[in-house]
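A quick write-up on the structure given underneath.
Index from 1, following the sequence. Small disclaimer: the values here were computed from a predicted structure and weren't measured.
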Amino acid sequence: MRKAFGFLVVLGVLSFQMIASAVAGEMPYRTTFLGWAAEGYDVVAYFRDSKPVEGNSDFSHEWSGVKWRFSSAENRDLFAADPEKYAPQYGGYCAYAVSQGYTASVVPEAWSIVDDKLYLNYSKGVRSIWEKDIPGYIDGANKNWPGISASL
């Protein structure tokens with residue numbers, strides 16, 4: 001009984017956060033169960049280090065209604081100064097999935113930077129499909145995202 005109550009409290013808090021973000025007109029970013037964007041990885045590191053780097057809660061920043069983790073204070077500050085430059089496209093959902101009209105989770109290792117924008121994918125296998133027609137998939141995702149994001 002106690003576990004069920006705890007689960008309901010957590011569910012209520014998460015629902016409230018989602019509603020509050022929607023009311024504030026913020027982008028609906030995908031988060032982990034604990035509320036971290038980008039699976040808790042440092043989105044600036046994709047650009048600066050060309051690899052996924054796990055973030056540290058000591059270097060966090062809240063933007064667009066979610067918490068972002070970084071591997072250093074410098075990366076956190078770069079993000080805070082220009083979050084739209086570093087935040088993943090399509091709310092951090094799988095870019096290929098959005099191109100197909102739905103959402104899916106992502107893994108930090110399946111990523112691409114195209115025209116200075118970060119795209120995440122469900123898996124390395126899905127990223128391989130994505131890489132076969134990146135411009136076409138981006139076009140499809142750009143068309144699908146407004147409808148998908150409105151329904152989140």
Side-chain angles (χ1 to χ4, degrees), residues 7 10-11 13-22 24-72 74-76 78-152:
F7 176 75
V10 168
L11 188 60
V13 168
L14 292 175
S15 296
F16 175 78
Q17 287 176 335
M18 289 171 43
I19 291 168
S21 291
E26 296 172 334
M27 166 80 75
Y29 278 94
R30 184 185 173 284
T31 62
T32 65
F33 181 72
L34 297 175
W36 295 110
E39 305 300 305
Y41 276 68
D42 180 343
V43 292
V44 175
Y46 287 106
F47 293 87
R48 298 186 76 209
D49 301 334
S50 299
K51 65 180 182 180
V53 177
E54 195 167 353
N56 181 324
S57 59
D58 290 340
F59 306 114
S60 65
H61 178 74
E62 188 164 327
W63 176 71
S64 199
V66 296
K67 298 177 288 186
W68 301 78
R69 289 172 49 165
F70 302 92
S71 57
S72 68
E74 182 180 9
N75 282 7
R76 178 200 57 212
L78 284 168
F79 181 86
D82 193 1
E84 291 182 2
K85 177 179 180 177
Y86 298 104
Q89 300 300 294
Y90 317 122
Y93 291 92
C94 173
Y96 173 79
V98 173
S99 78
Q100 302 303 298
Y102 59 93
T103 61
S105 61
V106 298
V107 296
E109 299 79 19
W111 61 281
S112 305
I113 293 178
V114 180
D115 296 329
D116 293 322
K117 294 181 181 181
L118 176 61
Y119 298 89
L120 301 174
N121 287 118
Y122 175 76
S123 67
K124 287 182 176 182
V126 169
R127 184 183 61 190
S128 293
I129 297 168
W130 163 260
E131 290 172 338
K132 291 179 181 174
D133 184 16
I134 291 174
Y137 292 130
I138 288 174
D139 185 53
N142 287 343
K143 289 176 183 170
N144 291 336
W145 182 241
I148 291 172
S149 65
S151 68
L152 297 175

Open item on the list: Quick check on the 6.0 Å ring-centre criterion: do W68 and Y86 meet it?
Closed with: no
Quick one: closest heavy-atom pair of [X] and [Y], and the distance?
{"X": "N75", "Y": "V44", "result": "O-CG2, 3.5 Å"}
{"X": "P83", "Y": "A80", "result": "CD-O, 3.7 Å"}
{"X": "S57", "Y": "S60", "result": "O-OG, 3.5 Å"}
{"X": "V98", "Y": "Y93", "result": "CG2-CB, 4.2 Å"}
{"X": "P108", "Y": "P52", "result": "O-CB, 3.6 Å"}

Is there a donor-acceptor pair closer than 3.5 Å between any side-chain N or O of [X] and the backbone N or O of [Y]?
{"X": "N144", "Y": "S99", "result": "yes"}
{"X": "D42", "Y": "S71", "result": "yes"}
{"X": "R30", "Y": "C94", "result": "no"}
{"X": "D49", "Y": "K51", "result": "no"}

Could you give the distance from [atom1] ([X]) to [atom2] ([Y]), rounded to the nearest 0.5 Å?
{"X": "K85", "Y": "L118", "atom1": "NZ", "atom2": "CG", "answer": "13.0 Å"}
{"X": "E39", "Y": "L120", "atom1": "CD", "atom2": "CG", "answer": "8.5 Å"}
{"X": "D82", "Y": "L78", "atom1": "CG", "atom2": "CG", "answer": "9.0 Å"}
{"X": "D58", "Y": "R76", "atom1": "CG", "atom2": "CZ", "answer": "9.5 Å"}
{"X": "L152", "Y": "W145", "atom1": "CG", "atom2": "CH2", "answer": "5.0 Å"}
{"X": "R127", "Y": "K132", "atom1": "CZ", "atom2": "NZ", "answer": "13.0 Å"}

Task: Minimum side-chain heavy-atom gap F70-V43 below 4.5 Å - done: yes
Open item on the list: Does any part of the side chain of I138, heavy atoms only, come nearer than 4.5 Å to the side chain of W130, both counted from C-beta?
Closed with: yes
- [ ] Check the angle between the aromatic planes of H61 and F79 and answer parallel, tilted or perpendicular using the 30° and 60° thresholds.
- [x] perpendicular
Task: Pair Y90, N142: side-chain N/O donor-acceptor within cut-off below 3.5 Å - done: yes
Open item on the list: Against W111, only a single residue in Y46, Y119, Y41, Y96 fulfils ring-ring contact (aromatic ring centres under 6.0 Å, His included); can you say which?
Closed with: Y46
TODO: Kindly check if the number of other-residue, nucleotide or ligand heavy atoms within 6.0 Å of NZ (K117) is above 12?
DONE: no
- [ ] Output all residues satisfying side-chain contact (heavy atoms from CB on, under 4.5 Å) with D139, sequence neighbours left out; order by chain, then residue number.
- [x] K143
